[in-house]
Amino acid sequence: EERSEVGLSCCRLDELKTLPQCDIKLGKLHFSKTHTVLVDVNSFSCRAIVPQDGRDLWLSSFVKMPCSPSSISPKPDTQFGPVRFKSQSGPVSRWSLISEQLRALAKKKAAKAEEVEKAILRYNPSYEREWSFDALPRYVKNDIENLYEKLFPKIAALALKLPDEVKKAIPLLQCHQPASITLSQGQISCLLANAFFCTFPHRNTTRPNAEYHNYPSINFSRLFGSWSERKSQKFKAIMHYFNVMTDEKSKPEGLVTFERRWLSDAEAQTWGKCTHTLHKLHVTSEGRIEAEGAQLLQVDFAASKIGGGVLDSGLVQEEILFLMNPELIVARLFTEKLDKDECLIITGTQQFSCYSGFSDSFQWLGPYDDHLGRDEWRRLKRQILAIDACHFRQPMDQYNMEKVKRELNKAYCGFKGHHGHEEPDIATGKWGCGAFNGDPELKAVIQLMAAAKARRGLAFFTFGDHDLCRRLQQTYHLLVTQKMTVGQLYRHLDKYCSLRNKPNFHEGLFDYLRKTQSQL
Ligand code: AR6
């Protein structure tokens, strides 16, 4: 690969540092006050993955579990016919209601869409009018191999294992409380099977005063209603995941870590004083973050409520990533909405599917064989960084230094090395520039500055945007030859933003930088 003249300063992809190249010594798997491990660490050191013992905690700082003894249904519902309970009026354990339904499903060889619907509504009676299940029979009808009807009982059986699979209480990853959770791929599948059957209590409403209003949704109810071609493609990806995870022969065994990070205030203030020059950059219009950049830290163009519209109709970069790596979806169970200076890093999720297209043209293509190696904690060497850009409903709002600072800190919070050991370089692209209306030139410069401050290289995938690719190479070349520092760039951005707010000034950032530099 020859470097064109303009791309002179850019590097090749293979000059960036990958995760397998980082010699990270983790040591024995251990838990701490800020790292909850849901598998038994002693068994793990003998290579066995066994759920960690523990007790249920029905508290505001832990996930309220469907199988918790404290989860009670006010009154068994009788509108679907007789419900067999000793006491027809007193409260009953909600898990007994759920497990009765799921056991009945799990016994079958095949279950109809209507039976799944009935079961779900039986323990969610107050949503009977609100939830629609029109899409479910259509997914099933289009499933020529009749896989889904045979899978429903298996997913029900998987969901029923919850009390044995997850015994230790799962802490919530709350706002401004950096902490991590490590759990097994099997535990994740069991939690997601429960999400599929909408068993999580207190999670069906997002009213402003609801207990979990600041959390993403987790129960899959929205996926079953308002049929669309998009949703039917999503459903294929999800069912494929369950097909693998309910098959003893194919189901993988490994761990996954979810880590919430928070940037300290002191670090967030120093952009103007930063004397670092730009670090390595590779720019290409071909390829995708999660494919060509798979071995780097992969940026998820996230929503502040992690996973965005994955369980509804959203289908852009983040949602597609979550569908190809469905284990990411479990982050929605415990990750409170990210604040401006927070991010989530996920290590070890597996890619189960491949796809083509984007948004309306998205198609589930089929199974993906993941061949990444595993680290000492048996986590796949895949690391994903969720950072949510600002959503600029009015694009002009982004030319404002408060907003620029916010985006710099958001990116830096994720890019910043953390554990004092080697870290891979970063795969990103038009972060915040699709659904969120960001200016690709401004966002590219912001990400370059954050990476420079963190001293990490960037692979920038422009996703078919040839013009941006060429212009970013030119601009980078210019900035590197000028030995421009992050602090100087910060002042340029300040100037540029005030100009951009003047009437009749429409110059793009790259052109502006080129002109100011040629005047020096
Ligand atoms: N690799 C590289 N670039 C990509 C890829 C990929 N796999 N996929 C898309 N792009 P967008 P945002 C490019 O709109 O603006 C979700 O609902 C492509 O050019 O997903 O940050 C989240 O949950 C695309 O236009 O990111 C948030 O709510 C551009 O990246 C919201 O969208 C931006 O992708 C975030 O929106």
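When a ligand or atom number is given, it counts from 1 through the structure's own listing order. Since the model is a prediction, treat every value here as computed from it, not as a measurement.
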Is a donor from one side chain sitting under 3.5 angstrom from an acceptor on the other, for [X] and [Y]?
X	Y	result
D388	S304	no
D341	Y412	no
N409	W271	yes

Which residues satisfy the side-chain hydrogen bond (donor to acceptor under 3.5 Å, both in side chains) test with H35, sequence neighbours excluded?
->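 In terms of side-chain hydrogen bond (donor to acceptor under 3.5 Å, both in side chains), with neighbours along the sequence ignored, H35 is linked to T182.
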Is the side chain of Q317 donor-acceptor paired with the backbone N or O of F301 at a distance under 3.5 Å, no angle test?
->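 Looks like yes, one N/O pair under 3.5 Å.
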With hydrogens left out, which residues have an atom under 4.0 Å from ligand 1, given that only heavy atoms count?
->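 The answer is R288, I289, E290, F301, A302, A303, G308, V316, Q317, E318, E319, Y355, F358, K430, G432, C433, G434, A435, F436, F463, counting any residue whose heavy atom sits under 4.0 Å from ligand 1.
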Mind listing the closest non-hydrogen atom pair of F242 and S189 along with its distance?
->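 That closest heavy-atom pairing would be CE2-O, 4.0 Å.
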